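Quick notes on the structure that follows.
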Amino acid sequence: MTEAGYLLCFAGSLYVAAAVNLFLAAEFWISGRHRDILKLVGFNLLGAIPVIWWMGPSVPQIMAYLNNPDSPRLDMGWPWLRDLLSGWAIGWGHTNPLPELHTGSSWEMEMAHAGWPFKMLMLGVLPALALLGFVAAWRKPASQFLGVTAVTVAAALAYAHTALKHQPMWVWYLIYTVIPMVLVLPLGVQLLTRHRPRLEAGLLTLLVGAFAWVTWDSTAKIREHDRQPIRETVEYVRLQAPTALTGTFGVSDRQAESYDHDVHVLKTPADLDASSKTPRPALCRSTSISAASPSPARGTQSFFNG
């Protein structure tokens, strides 16, 4: 049922489900526990019931999006991987193309102002511990560290499949890779300390404290600034014109309905033209703009009937 839960939360975790089951089936077969393979199949069929029931209607839409030639398609090369690595390290992408409009940060911006503790931790300590942790995980039976081995293989499968099919894939589609990246660090410390509990606890405490310290500024920006300030934009619009007719378009446009029940989701230029002819004041919110704006005012484009 855990598998059904994460599939219902995020359909892209299908790769994780496939990898976990392949790892378990292989271990059961190698160890001679053939009857456990039947149990594995049975529990998967049981877990598939809620997934098919709730996720089934969305499958045609997902397939249509993946096969739509107009869907955004990113080159699955070094720039993409660089963004993924930056996300693991600081929670931001590698580059901030619009620093004057975006209140966030980037790996380049952090490195430009970082001192030696940040650089030593990010470029030396964490990669070394992660490598040791992966070595430690792969030396154990697969079922003991599925969160590392299976999830890492799942991410590799997702990347390879997307690159070969040239399908849309943003770096946050691999959000589940945070799990192995968090787990390999204490495993690396454990391997380094040779299972001396007090030394291991001390180094882990020091590691967590050092990471919190060097990333304090970048994580504060994540806490203090919404990526898509939809609620703030609605509040701003209603304060300026409480009776205005409102419309929205762009990324996550329908999310505005959660805060503004009377908002019109505009799909075509004709919808926009029709709204502009109303005798009421009309304001249109572009979610694409507000997603990169430091203030709700910048996330609002307004027009009046003349």
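For reference, positions follow the sequence shown, starting with 1. Keep in mind it's a predicted model, so treat the numbers as computed, not measured.
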Would you mind reporting whether [Y] and [X] have side-chain heavy atoms less than 4.5 Å apart?
| X | Y | result |
| --- | --- | --- |
| Leu24 | Leu146 | yes |
| Phe118 | Ile90 | yes |
| Val41 | Leu45 | yes |
| Tyr159 | Leu81 | yes |
| Leu126 | Phe211 | yes |
| Met181 | Phe134 | yes |
| Glu110 | Trp92 | no |
| Trp80 | Met169 | yes |

What are the two closest heavy atoms between [X] and [Y], and how far apart are they?
| X | Y | result |
| --- | --- | --- |
| Thr152 | Pro180 | OG1-CB, 3.7 Å |
| Thr246 | Val263 | OG1-CA, 3.4 Å |
| His94 | Ser106 | O-CB, 3.5 Å |
| Ala155 | Thr177 | CB-CG2, 3.4 Å |
| Ile179 | Gly147 | CG2-O, 3.9 Å |
| Ala4 | Gly47 | CB-O, 3.4 Å |

Between [X] and [Y], is there shared hydrophobic-cluster membership here, with clusters defined by ILVMFWY side-chain heavy atoms closer than 4.5 Å?
| X | Y | result |
| --- | --- | --- |
| Leu84 | Trp78 | yes |
| Phe23 | Val135 | no |
| Val125 | Leu131 | no |
| Trp170 | Val178 | no |
| Leu199 | Leu185 | yes |

Ionic contact status for Glu235 with Arg231, cut-off 4.0 Å = yes

Point-to-point distance, once rounded to the nearest 0.5 Å, from [atom1] of [X] to [atom2] of [Y]:
| X | Y | atom1 | atom2 | value |
| --- | --- | --- | --- | --- |
| Glu27 | Leu22 | CD | CG | 13.0 Å |
| Leu7 | Leu14 | CG | CG | 6.0 Å |
| Glu108 | Ser105 | CD | OG | 10.0 Å |
| Phe145 | Arg139 | CZ | CZ | 11.0 Å |
| Thr95 | Arg82 | OG1 | CZ | 5.0 Å |
| Leu157 | Tyr15 | CG | OH | 8.0 Å |

Chi angles and distances behind the side-chain contact (heavy atoms from CB on, under 4.5 Å) call for Leu40, Asn44 = CA-CA 6 Å; Leu40 181 66; Asn44 271 277; 3.7 Å; yes

Check: Thr162 main-chain N/O paired with His166 side-chain donor or acceptor under 3.5 Å = no

Do Asp260 side-chain atoms and Ala256 backbone N/O form a donor-acceptor pair below 3.5 Å?
-> no

Can you tell me if [X] has over 12 outside heavy atoms packed within less than 6.0 Å of its [atom1]?
| X | atom1 | answer |
| --- | --- | --- |
| Arg35 | CZ | no |
| Ile62 | CD1 | yes |
| Trp213 | CH2 | no |
| His113 | NE2 | no |
| Trp29 | CH2 | no |

Intermediate values then yes/no, side-chain contact (heavy atoms from CB on, under 4.5 Å), Tyr176 and Tyr6 | CA-CA 10 Å; Tyr176 50 79; Tyr6 63 70; over 6 Å; no

Could you walk me through whether Val16 and Glu3 pass the side-chain contact (heavy atoms from CB on, under 4.5 Å) test, one step at a time?
-> CA-CA 9 Å; Val16 177; Glu3 186 176 287; over 6 Å; no

Checking side-chain contact (heavy atoms from CB on, under 4.5 Å) for the pair Thr215/Leu121: CA distance, chi angles, key distance, verdict?
-> CA-CA 10 Å; Thr215 60; Leu121 185 69; over 6 Å; no

